[in-house]
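Every chain is numbered from 1, with letters handed out A, B, ... down the list of sequences. Just so it is clear, the model here is predicted, and its values are computed rather than measured.
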2 protein chains.
Amino acid sequence: MTELTNAVSKRERDCLVLLKEESRGDFPMRLHEIASTMHIKPPTALNIIRRLKSKGFVETQDGMIKLTDVGDRLSKTILMVHRTFESLFCQSGVPESRACSEASEIDFLINGENAMKVLKRIDNPSSCPHGKPIRM
Amino acid sequence: MTELTNAVSKRERDCLVLLKEESRGDFPMRLHEIASTMHIKPPTALNIIRRLKSKGFVETQDGMIKLTDVGDRLSKTILMVHRTFESLFCQSGVPESRACSEASEIDFLINGENAMKVLKRIDNPSSCPHGKPIRM
DNA sequence: AAGAACGTTAGTACTATACTAACGTATGAC
DNA sequence: GTCATACGTTAGTATAGTACTAACGTTCTT
């Protein structure tokens with residue numbers, strides 16, 4: 001987890017998380033799929049994908065878009081940070097859906113190692129409120 | 001504390017916090033002072049001030065720049081959120097200066113009421129690691 | 001052969017951020 | 001009294017990010 005956070009913008013983050021969560025088991029996504037899931041038009045999605053590609057987080061093969069190893073690691077970190085803060089908010093009494101949206105605003109801005117320290121501080125939950133595992 | 005957070009960008013946030021922390025006791029700031037403290041040129045600072053003015057967070061009188069009541073409330077909320085998360089990071093073992101910079105990245109993005117819930121969750125410290133009070 | 005689906009290009013737009021160069025006004029030094 | 005400095009301001013440029021429409025080319029399927 002080598003200082004990868006803060007390398008992406010909000011929408012790039014959304015796209016990375018989508019690719020990580022949606023494309024389970026090396027099942028890459030198409031541009032139109034990404035666009036419609038993110039509620040944007042294909043040219044806008046293409047723009048985001050291009051930036052992610054130029055940053056080395058994504059690669060395309062025959063219209064299939066998938067995470068690179070580096071992109072996969074970054075996505076994992078972001079999801080770990082996300083679930084850590086989502087858990088914190090929930091433990092604090094914030095409703096689940098609010099907790100999730102708050103976490104989405106900040107998960108790509110916080111350093112992974114610091115988030116892991118926070119995770120310990122909040123009693124090291126093994127899964128987020130949605131039941132998804134928290135790990136690197 | 002009525003849903004004011006998320007109303008500003010990062011640099012607008014920096015400027016609000018500067019105005020709140022630097023101008024103690026109705027001692028407003030000049031443009032050049034703001035610019036040099038923020039390490040930007042006066043025209044850039046003017047731009048930020050203009051946006052803050054149009055949002056109703058700042059007003060100018062004879063070149064003196066000061067927070068409006070609404071701006072003052074927003075700054076207070078941001079500082080409360082800042083100190084809450086700074087405390088969280090410190091309690092978690094993150095060094096003080098890192099804790100501060102991480103908190104600065106997110107304090108203007110998080111809802112004040114949710115932050116207050118987090119504050120309770122982390123044992124309601126009355127001051128941040130720097131010794132400054134945490135309150136609304 | 002026609003149409004749909006999809007990726008892509010080109011062009012526009014707006015916000016945020018930041019710069020330089022230049023200008024006007026005011027104030028203090030001499 | 002003039003000159004220089006300081007300061008606010010304007011105008012112009014630039015880049016990144018976000019998002020749109022219109023249009024084009026290719027491919028795949030009826």
Note to self: Tell me whether Glu113(A) is salt-bridged to Lys117(A), with the criterion being a basic N under 4.0 Å from an acidic carboxylate O.
What the structure shows: no
Next item on the list: Can you spot which of Asp14(A), Ile65(A), Thr44(A) makes a side-chain contact (heavy atoms from CB on, under 4.5 Å) with Ile34(A)?
Entry: Ile65(A)
Check: Would you say a side-chain N or O of Arg50(A) is under 4.0 Å from OP1 or OP2 of dA16(D)?
Finding: no
Can you check nucleotides 27-29 of chain C for protein contacts, nitrogen or oxygen pairs under 3.5 Å, and list what you find?
none

Next item on the list: Return the residues of residues 31-41 of chain A meeting this criterion: a heavy atom under 4.0 Å from some atom of DNA chain D. Order them by number, or give none.
Entry: Ile40(A), Lys41(A)
Checklist line | Short side-chain N/O contact to dT18(D) OP1/OP2 from Ser9(A), under 4.0 Å | finding: yes
Notebook entry, point to check: Would you say a side-chain N or O of Arg51(B) is under 4.0 Å from OP1 or OP2 of dA16(C)?
Noted result: yes
Next item on the list: Please list all pairs passing the salt bridge (charged side-chain N to carboxylate O under 4.0 Å, His left out) test where one or both residues lie in residues 53-64 of chain A, with sequence neighbours left out.
Entry: Glu12(A)-Lys55(A)
Next item on the list: Look at all strands and tell whether Thr44(A) reaches a base, only sugar-phosphate, or nothing, counting heavy atoms closer than 4.0 Å.
Entry: base
Checklist line | Residue-phosphate contact under 4.0 Å: Arg30(B) side-chain N/O, dC7(D) OP1/OP2 | finding: no
Margin query: By nearest atom, which of the nucleotides dA18(C), dT8(C), dT10(D) is closest to the Leu46(B) side chain?
Written below: dT10(D)
Next item on the list: Would you check if the side chain of Thr68(B) reaches a backbone N or O of Gly56(B) as a donor-acceptor pair within less than 3.5 Å?
Entry: yes
Checklist line | Between C1' of dA26(C) and CG of Asp62(B), the distance in whole Å | finding: 13 Å
Next item on the list: Look up atom CD1 in Ile106(B) and atom CD1 in Ile110(A), then write down how far apart they are to the nearest 0.5 Å.
Entry: 4.0 Å
Check: Which comes earlier along DNA chain D counting from the 5' end, the contact point of Glu12(A) or that of Asn47(B), where each point is its nearest nucleotide?
Finding: Asn47(B)
Check: Taking only side-chain nitrogens and oxygens of Lys10(B), does any of them come within less than 4.0 Å of OP1 or OP2 of dA16(D)?
Finding: no
Next item on the list: Considering just the side-chain nitrogens and oxygens of Arg11(A), establish if one lies under 4.0 Å of OP1 or OP2 belonging to dA19(D).
Entry: yes
Margin query: As a quick check of understanding, evaluate side chain to side chain contact (heavy atoms under 4.5 Å, CB included) for Cys15(B) and Leu52(B), giving each step before the final call.
Written below: CA-CA 9 Å; Cys15(B) 190; Leu52(B) 287 174; 3.9 Å; yes
Notebook entry, point to check: Is a side-chain N or O of Arg121(A) found less than 3.5 angstrom from the main chain of Phe89(B), in a donor-acceptor match?
Noted result: no
Next item on the list: Look at the side chain of Gln91(B) and the backbone N and O of Ile122(B), then say whether any donor-acceptor pair between them is shorter than 3.5 Å.
Entry: yes
